[in-house]
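In what follows, a structure is listed as structure tokens, so that the remarks can point back to it.
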Protein chains: 2
Amino acid sequence: MSQSHLAPAVDLHATTVDRLGLAVCRGEMASGSIVRIDELEERFGVSRSVVREALRVLASMGMVASRRRVGVQVRPATEWNLYDPQVIRWRLASHGRVAQLRSLSELRTAVEPQAAALAATRAPLASASELMGLSGKLWEAGRSGDTDLFLRLDIQFHRLVLSSSGNEMFGMLDSLVAEVLTGRTHYGLMPQHPHEEALQMHVDVASAIQRGDSSDAHAAMLAIMTRAMTEMSTLWNEEAHKSAS
Amino acid sequence: MSQSHLAPAVDLHATTVDRLGLAVCRGEMASGSIVRIDELEERFGVSRSVVREALRVLASMGMVASRRRVGVQVRPATEWNLYDPQVIRWRLASHGRVAQLRSLSELRTAVEPQAAALAATRAPLASASELMGLSGKLWEAGRSGDTDLFLRLDIQFHRLVLSSSGNEMFGMLDSLVAEVLTGRTHYGLMPQHPHEEALQMHVDVASAIQRGDSSDAHAAMLAIMTRAMTEMSTLWNEEAHKSAS
DNA sequence: CTAACTTCACAGATCATACTTTTGAACCCC
DNA sequence: GGGGTTCAAAAGTATGATCTGTGAAGTTAG
């Protein structure tokens, strides 16, 4: 009955990777700056092994590099592997959230219409009809104003389109899409009641995929992306204002 | 003068990561199979530290997972981070090269036209004119039949379009594109003298970007992608034949 | 015989320490 | 001042010791 009384029994490695990665993304450890391993041991209160294993992981993400006799150097952001889910999460939890959200949205605009088009060719019948079902529920949630449910269904919908494309590279972007959808909802960029057209577009995508019409699927998904970009453009502009040089 | 006479002074960590990653990608360690750390120590002839640090890296790529009392388990390919440059390289060095090449090409088809469109809006003048220069050299190399030079210029061209898009996510895909271009050349999928139209399309992309015409840039790049996909389709078909179930 | 509970040993996780290797930088000599 | 030598700092590698979950075998109760 006593599996844990107080000690959270946290995973030291995972925790350390997370703290380090976040510190780097947040700029608490500036690009180019150098730290020694024993500093990090002390800073995080863990042993050398844990620090080293964490550093190896960060290094494989291109975030740090270590050289003998020198120490561990933080690498510039241009070297980071931005497609690593952890890196995405850290960056969304740092300043530059907005720029990140914009980049990710532009990527979605490129990828999702193409994924929809492929899905129209390759999606198994079961997936296609599940998509139809989801788009129906999505409509319902949109009309009733249940934003929480809407978000969950929206994520599920896009995830299914991506995986139905039959392309592993597209399918892998589901976590990225989930982050964007969650992010924009969290930033209050979604109206309480999504516009009727937006809801209709999801139905259109599902329907086009079901009847195997690549071209329509592509067009409908592109319309969704374009609308989403427009809705978020207010955010870009605000940001551009703030950092107007 | 004597920085190294014989000892390659290889990096044990990098070597071990590479050997392990390749072994997993090649299926030498089947998905779901389990190994103990001390087995790997012996197999690779390195110490626990090295094996553990390597495993942490592989784990962060989703390729393995380790559990107490059990060992290290190879995770299914669906969990791997396919956008990690190392994973891409390992997979291209394994069976499934062709499927990989196809996935990557589909991704290119989605991304590059969009990148070209953005570049038309955002590319600095210098980059645009450099693109024009590259497309000119590309034409020349194509006409003269210098496939090696052509490949290098082609990579440079597409890399510059991606980076000129001003989107960090697109820019990061340059290594991926380089792999595809190199791969298809290596597989003899490129004619000695690229078709005149293909060369012209590159000029069209550069020209559209220079005059800021997003729509034309998108269309021209899409045409390049479509043509490339067609040229490679023979490869897909061969493969489909071989593994016809 | 099944189900729940206990025990126990295994293998990873963490820590500590010793030793090796690279290499930046100080030092020295001409 | 240029070039070579020495030195020590810090990462890399190896290994033993200990801690901690946890699967499985063994045990008991129903």
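We name chains A, B, ... by the order of the sequence lines, and we start the count at 1 in each one. Just so it is clear, the model here is predicted, and its values are computed rather than measured.
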Aromatic ring pairing B:His202/B:His158, orientation class (parallel under 30°, perpendicular over 60°, tilted between):
perpendicular
What is the per-nucleotide protein-contact pattern of nucleotides 4-12 of chain D, from the 5' end, where B denotes a base atom under 4.0 Å from a protein heavy atom, S denotes such proximity for sugar-phosphate atoms only, and - denotes neither?
----BBSBB
Nucleotide D:dT13, atom P - distance to CD of B:Glu41 in whole Å:
14 Å
B:His95 atom NE2, over 12 foreign heavy atoms within 6.0 Å
yes
Under 4.0 Å between a side-chain nitrogen and a carboxylate oxygen: does that hold for A:Glu112 and A:Arg108?
yes
Heavy-atom pair with the smallest gap, counting every atom of B:Trp90 and B:Cys25
CB-SG, 3.4 Å
Could you check how far CD of B:Glu53 sits from P of D:dA14, rounded to whole Å?
10 Å
Using OP1 and OP2 only, check whether a side-chain N or O of A:Ser47 sits under 4.0 Å from C:dC15.
yes
Rounded distance in Å - CD1 (B:Ile34) to C1' (C:dC10):
13 Å
Taking CG from B:Leu40 and C1' from C:dA11, how many angstroms apart are they, rounded to a whole number?
13 Å
Other residues, nucleotides, ligands: >12 heavy atoms within 6.0 Å of A:Glu42 CD:
no
Taking B:Arg26 for its side chain and B:Ala93 for its backbone only, find out whether a donor-acceptor pair lies under 3.5 Å.
yes
